[in-house]
Amino acid sequence: MHRFFAPAANSSTGRVILDAGETRHLRKVIRLVPGDAVAVFDGQGNEFLCEISTVSRRGTELFIKKRIEAASPESTLDLTLAAAMLKGEKFDLVVQKAVELGVHHLVALRTARTDVRSKESTARLTRWRKIALEASKQSGRAYLMSVEGPVDLAEFLQNTESKDTLLFSERSGESLPADLPAKKMTAIIGPEGGWDDVELENAKAAGVRVVTLGGRIMRAETAAIAVTTIIQHRFGDLN
């Protein structure tokens, strides 16, 4: 069944209005008409079976028939992935796979070796949020992963709970601990050039655990995906 996003979807009103962007996809790409059934999710974990009532260029009105379960359940782990920004489309891949793997919050980081201009990265934030929305539609999640940033690593370390935070590095770290809380975690992934020595020292000084996965050296985008998968398997519901 085709899925659409409507942040104000509410079963108590009995109807849903799709915005012009979602309507454009409904009309011109999928070519749905009044009477067709679709699924609508609100980004907060709710999904509804709806019937198209009217379609215009400005929007689409749908009647809510009943509440339904999303195809993809939410992880029991509230996982934040804080990843250094990457060039080109590499970070786009990180955003897409983070959604598919059940990440709740994604934060784009600026680090000492981040090779992305601040002006460029700010403009990309809108694109990353659009990618997250499309990935939610395709993966069956009814929860919309938040995407924030760019944020300096030092600022992020100041505002995160160190006891729930792991910074992954190709060096100077310990094995993945087994005694972490299973409800909320933050994983920090570095840039293509790796962490600066000062950054590792600052993380440890802030009480953040530095973890090394068997000494393996991965591309930054690979590390983000691999780390998320491992954490969801160890502490979440990916088992």
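In what follows, every heavy atom counts, from backbone to side chain, and hydrogens, waters and symmetry copies are set aside.
- Under the 4.5 Å side-chain criterion, counting only non-hydrogen atoms from C-beta, Asp164 is not in contact with Lys183.
- The minimum heavy-atom distance between Gly236 and Ser75, with the atom names listed, is CA-OG, 3.9 Å.
- Screening residues 220-232 for salt bridge (Lys or Arg N to Asp or Glu O under 4.0 Å), with sequence neighbours left out, gives Arg219-Glu221.
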For this session: Could you walk me through whether Ile188 and Trp195 pass side chain to side chain contact (heavy atoms under 4.5 Å, CB included), step by step?
Result: CA-CA 11 Å; Ile188 304 177; Trp195 294 111; 3.7 Å; yes
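- Clustering ILVMFWY residues whenever any of their side-chain heavy atoms sit less than 4.5 angstrom apart, transitively, puts Leu86 in the very cluster that holds Leu81.
- Listed by first then second residue, pairs satisfying salt bridge (Lys or Arg N to Asp or Glu O under 4.0 Å) with a partner in residues 32-42 number zero, not counting sequence neighbours.
- Between Asp78 atom CG and Thr186 atom OG1 the span is 8.0 Å, to the nearest 0.5 Å.
- By the rule that hydrophobic residues join a cluster once side-chain heavy atoms approach within less than 4.5 Å of another member, Met185 and Val211 end up as members of one cluster.
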For this session: Apply side chain to side chain contact (heavy atoms under 4.5 Å, CB included) to Thr114 and Thr111, showing your working.
Result: CA-CA 5 Å; Thr114 297; Thr111 69; 2.7 Å; yes
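- Hydrophobic clustering places Leu125 together with Val99 (ILVMFWY residues linked when any side-chain heavy atoms are closer than 4.5 Å, directly or through intermediates).
- Arg57 places no side-chain N or O within 3.5 Å of a backbone atom of Ala20 that could act as its donor or acceptor partner.
- Partner of Glu22 under the salt bridge (charged side-chain N to carboxylate O under 4.0 Å, His left out) criterion, chosen from Arg3, Arg27, Lys137: Lys137.
- Here Thr160 pairs with Thr165 under the side chain to side chain donor-acceptor pair (under 3.5 Å) rule; sequence neighbours left out.
- Judged as a side chain to side chain donor-acceptor pair (under 3.5 Å), the pairs with a partner in residues 59-73 (not counting sequence neighbours) are, in order, Arg15-Glu61, Thr23-Thr60, Asn46-Arg67.
- Cluster membership check: Leu26 does not share its hydrophobic cluster with Leu133, using side-chain heavy-atom separations under 4.5 Å among Ile, Leu, Val, Met, Phe, Trp and Tyr.
- Of all heavy-atom pairs spanning Met145 and Ser136, the tightest one is N-OG, 4.5 Å.
- Shortest non-hydrogen contact noted between Pro191 and Ala84 is N-CB, 3.4 Å.
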For this session: Show the numbers, then the answer: is there a side chain to side chain contact (heavy atoms under 4.5 Å, CB included) between Val147 and Ile131?
Result: CA-CA 10 Å; Val147 184; Ile131 290 172; over 6 Å; no
Show me, pair by pair, the donor-acceptor contacts under 3.5 angstrom made by side chains of residues 89-97, not counting sequence neighbours?
unit_1: Lys90; atom_1: NZ; unit_2: Glu192; atom_2: OE2; d: 2.6
unit_1: Asp92; atom_1: OD1; unit_2: Trp128; atom_2: NE1; d: 3.3
unit_1: Asp92; atom_1: OD2; unit_2: Arg127; atom_2: NE; d: 2.8
unit_1: Asp92; atom_1: OD2; unit_2: Arg127; atom_2: NH2; d: 2.7
unit_1: Lys97; atom_1: NZ; unit_2: Glu100; atom_2: OE1; d: 3.4

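- Atoms CG and CD1, from Leu18 and Ile52 in turn, are 8.0 Å apart once rounded to the nearest 0.5 Å.
- Smallest separation of non-hydrogen atoms from Arg110 and Pro150: NH1-CG, 3.2 Å.
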Exercise. Side chain to side chain contact (heavy atoms under 4.5 Å, CB included) between Ser53 and Leu62: does it pass, once the steps are laid out?
Worked result: CA-CA 5 Å; Ser53 174; Leu62 307 99; 5.9 Å; no
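- Grouped by direct or indirect side-chain proximity (heavy atoms under 4.5 Å, Ile/Leu/Val/Met/Phe/Trp/Tyr only), Val198 sits alone.
- Residue pairs meeting the salt bridge (Lys or Arg N to Asp or Glu O under 4.0 Å) criterion with at least one member in residues 193-207, sequence neighbours excluded, are Arg171-Asp197.
- Within the structure, ring pair (Phe, Tyr, Trp, His ring centres under 6.0 Å) pairs that include any residue of residues 144-166 do not occur (at least two apart or interchain).
- For Ala39 against Glu47, the heavy-atom pair with the smallest separation is CB-OE2, 3.4 Å.
- The list of ring pair (Phe, Tyr, Trp, His ring centres under 6.0 Å) pairs with a residue in residues 2-45, not counting sequence neighbours, reads Phe5-Phe41.
- The ring pair (Phe, Tyr, Trp, His ring centres under 6.0 Å) contacts involving residues 45-85 comprise nothing, where partners must be two or more places apart or lie in separate chains.
- What you find for Val16 and Ala6 is that their closest heavy atoms are CG1-CB, 3.5 Å.
- A salt bridge (Lys or Arg N to Asp or Glu O under 4.0 Å) check over residues 228-239, counting only residues at least two apart or in different chains, returns nothing.
- When the salt bridge (charged side-chain N to carboxylate O under 4.0 Å, His left out) test is applied to Glu148, the partners found at least two apart in sequence or on another chain are Arg129.
- Not one N or O on the side chain of His104 forms a donor-acceptor pair closer than 3.5 Å with the backbone of Leu79.
- Follow the hydrophobic side-chain contacts under 4.5 Å out from Phe235 and you reach Leu213 in the same cluster.
- Here the CD1 atom belonging to Ile189 is positioned 7.5 Å from the CG atom belonging to Leu167, to the nearest 0.5 angstrom.
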